[in-house]
There are 2 protein chains.
Amino acid sequence: MGTKQQITERIAGILRESKLSVTETRTKILELFMKSNGALEHSDFEKLAGQSFDRVTVYRTLQTFLDKGIIHKIPTTDTSVRYALCKSECSEHHHHDHHIHFKCEECGNTICLDETDVPQIQLPKGYAAHNVEVVVSGVCKSCK
Amino acid sequence: MGTKQQITERIAGILRESKLSVTETRTKILELFMKSNGALEHSDFEKLAGQSFDRVTVYRTLQTFLDKGIIHKIPTTDTSVRYALCKSECSEHHHHDHHIHFKCEECGNTICLDETDVPQIQLPKGYAAHNVEVVVSGVCKSCK
DNA sequence: GTAAATTTGCAACAATGTTGCAAAATAAAA
DNA sequence: TTTTATTTTGCAACATTGTTGCAAATTTAC
């Protein structure tokens with residue numbers, strides 16, 4: 001994954017590409033996403049960071065990242081909202097979120113299965129599909 | 001769909017099958033589900049009913065219906081939780097939620113496409129799938 | 001280094017979800 | 001049908017989560 005220094009550089013690059021100021025909070029939140037290798041929900045940021053972020057700042061930062069296509073949301077059946085890093089093909093104007101999500105019932109982690117494409121769905125006549133979200137739940141590799 | 005009388009009878013039947021007391025609130029909430037032909041979220045109940053339910057009662061009623069397999073949740077990317085009626089094959093111990101959900105971007109409605117099966121997903125090695133949720137968003141029949 | 005623009009943190013608020021408990025409604029028993 | 005036991009409801013109080021305005025601090029551009 002590279003040295004601390006390299007990661008910080010990479011993060012600064014991502015932010016500049018999206019025309020965002022490189023701030024401490026944004027850098028730390030992106031770091032958490034890179035380290036976590038899974039989806040994070042709002043409450044994770046205040047815990048994981050060790051230090052405490054301001055709640056409002058986290059909300060605003062996540063919204064900004066969403067707007068710029070740096071992260072995407074993952075559907076859940078509860079009230080939590082989960083976010084994950086987008087791959088490089090995503091941009092502010094075009095989201096290629098063509099992978100499925102896997103939620104492990106053991107460890108609770110949600111991860112993006114980037115190699116697994118979402119299937120074609122044959123809808124009834126009269127329906128037009130713009131986006132397909134797939135969330136599989138079960139037991140993940142590590143918990144098996 | 002039958003007369004008001006018939007519907008009330010059918011609802012009472014559903015409740016008794018699940019060993020639940022037949023109460024006014026439960027009956028009205030099930031009526032709303034049957035009328036709506038789509039998914040409902042919590043705030044809908046207080047609005048749709050004309051009268052106002054107690055918030056706590058609605059929460060508890062929905063939780064009870066979930067436990068008994070009368071309704072199921074639908075994943076969303078926001079903090080709202082959406083519920084829809086289960087078909088007859090569902091029970092307290094076994095959920096056959098093998099249909100996909102469609103969310104219309106025009107009217108905002110979410111409906112169950114009961115005829116459309118959930119596709120088989122080929123997961124990477126080491127992952128075991130227990131449940132697959134599919135939510136398609138786009139434009140529905142009525143809004144086209 | 002200074003000025004302009006952006007971001008942050010606080011305070012205050014709004015919305016949503018939860019728990020305990022007494023009153024009311026429903027079901028079961030007599 | 002009336003009485004008793006069980007379940008459900010509604011209220012109050014609280015906890016959690018998300019939002020907005022604005023002044024202070026930070027970052028960027030000059």
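Every chain is numbered from 1, with letters handed out A, B, ... down the list of sequences.
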Check: B/Tyr59 ring centroid to B/Phe45 ring centroid under 6.0 Å = no
Below 4.5 Å, heavy atoms only, C-beta onward: do A/His99 and A/Leu113 meet side chain to side chain?
-> no
Would a 4.5 Å heavy-atom cut-off, applied to side chains only, mark A/Ile100 and B/Leu123 as touching?
-> yes
Verdict with reasoning, A/Lys68 to A/Gln63, per side chain to side chain contact (heavy atoms under 4.5 Å, CB included) = CA-CA 9 Å; A/Lys68 296 294 186 176; A/Gln63 186 58 54; over 6 Å; no
Residues which pass side-chain hydrogen bond (donor to acceptor under 3.5 Å, both in side chains) with A/Arg26, listed by chain and number, not counting sequence neighbours | none
Does B/Arg16 or B/Val81 map to a spot on DNA chain C nearer the 5' end, using the closest nucleotide for each?
-> B/Val81
In whole angstrom, give the distance that lies between atom CZ of A/Arg26 and atom C1' of C/dT8.
-> 10 Å
note: B/Asp54, atom CG; C/dT16, atom C1'; distance rounded to Å ~ 14 Å
Calculate the interatomic distance between A/Phe45 atom CZ and C/dG9 atom C1'; express it in whole Å.
-> 18 Å
Tell me which of B/Thr23 and B/Ser80 sits closer to the 5' end of DNA chain C, going by the nucleotide each one is nearest to.
-> B/Ser80
Using five pairs at either end of the helix from C/dG1-D/dC30 to C/dA30-D/dT1, determine the angle between the two local helix axes and round it to 10 degrees.
-> 40°
To the nearest angstrom, the NZ-C1' distance between B/Lys68 and D/dT8 comes to 14 Å
Report the distance from atom CD of B/Glu24 to atom P of C/dA27, rounded to the nearest whole Å.
-> 13 Å
State, with a plain yes or no, whether a side-chain heavy atom of B/Ile70 is found less than 4.5 Å away from one of B/Leu30.
-> yes
Nucleotide C/dA15, atom P - distance to NE2 of A/His42 in whole Å | 19 Å
Criterion side-chain contact (heavy atoms from CB on, under 4.5 Å) against A/Tyr83, the qualifying member of A/Leu62, A/Ile29, A/Thr110 | A/Leu62
Which residues in residues 55-63 of chain B have at least one heavy atom lying under 4.0 Å from any atom of DNA chain C?
-> B/Arg55, B/Val56, B/Tyr59, B/Arg60
Pair B/Glu31 + B/Arg10, salt bridge at N-O below 4.0 Å = no
Rounded to whole Å, the CG-C1' distance (A/Leu15 to C/dT7) equals 13 Å
Could you check whether B/Thr25 gets within reach of a base, just the sugar-phosphate, or nothing at all, counting any heavy atom under 4.0 Å?
-> sugar-phosphate
Spacing between B/Leu20 atom CG and C/dT26 atom P, to the nearest angstrom = 14 Å
With a 4.5 Å heavy-atom cut-off, do B/Ile7 and B/Met34 have their side chains touching?
-> yes
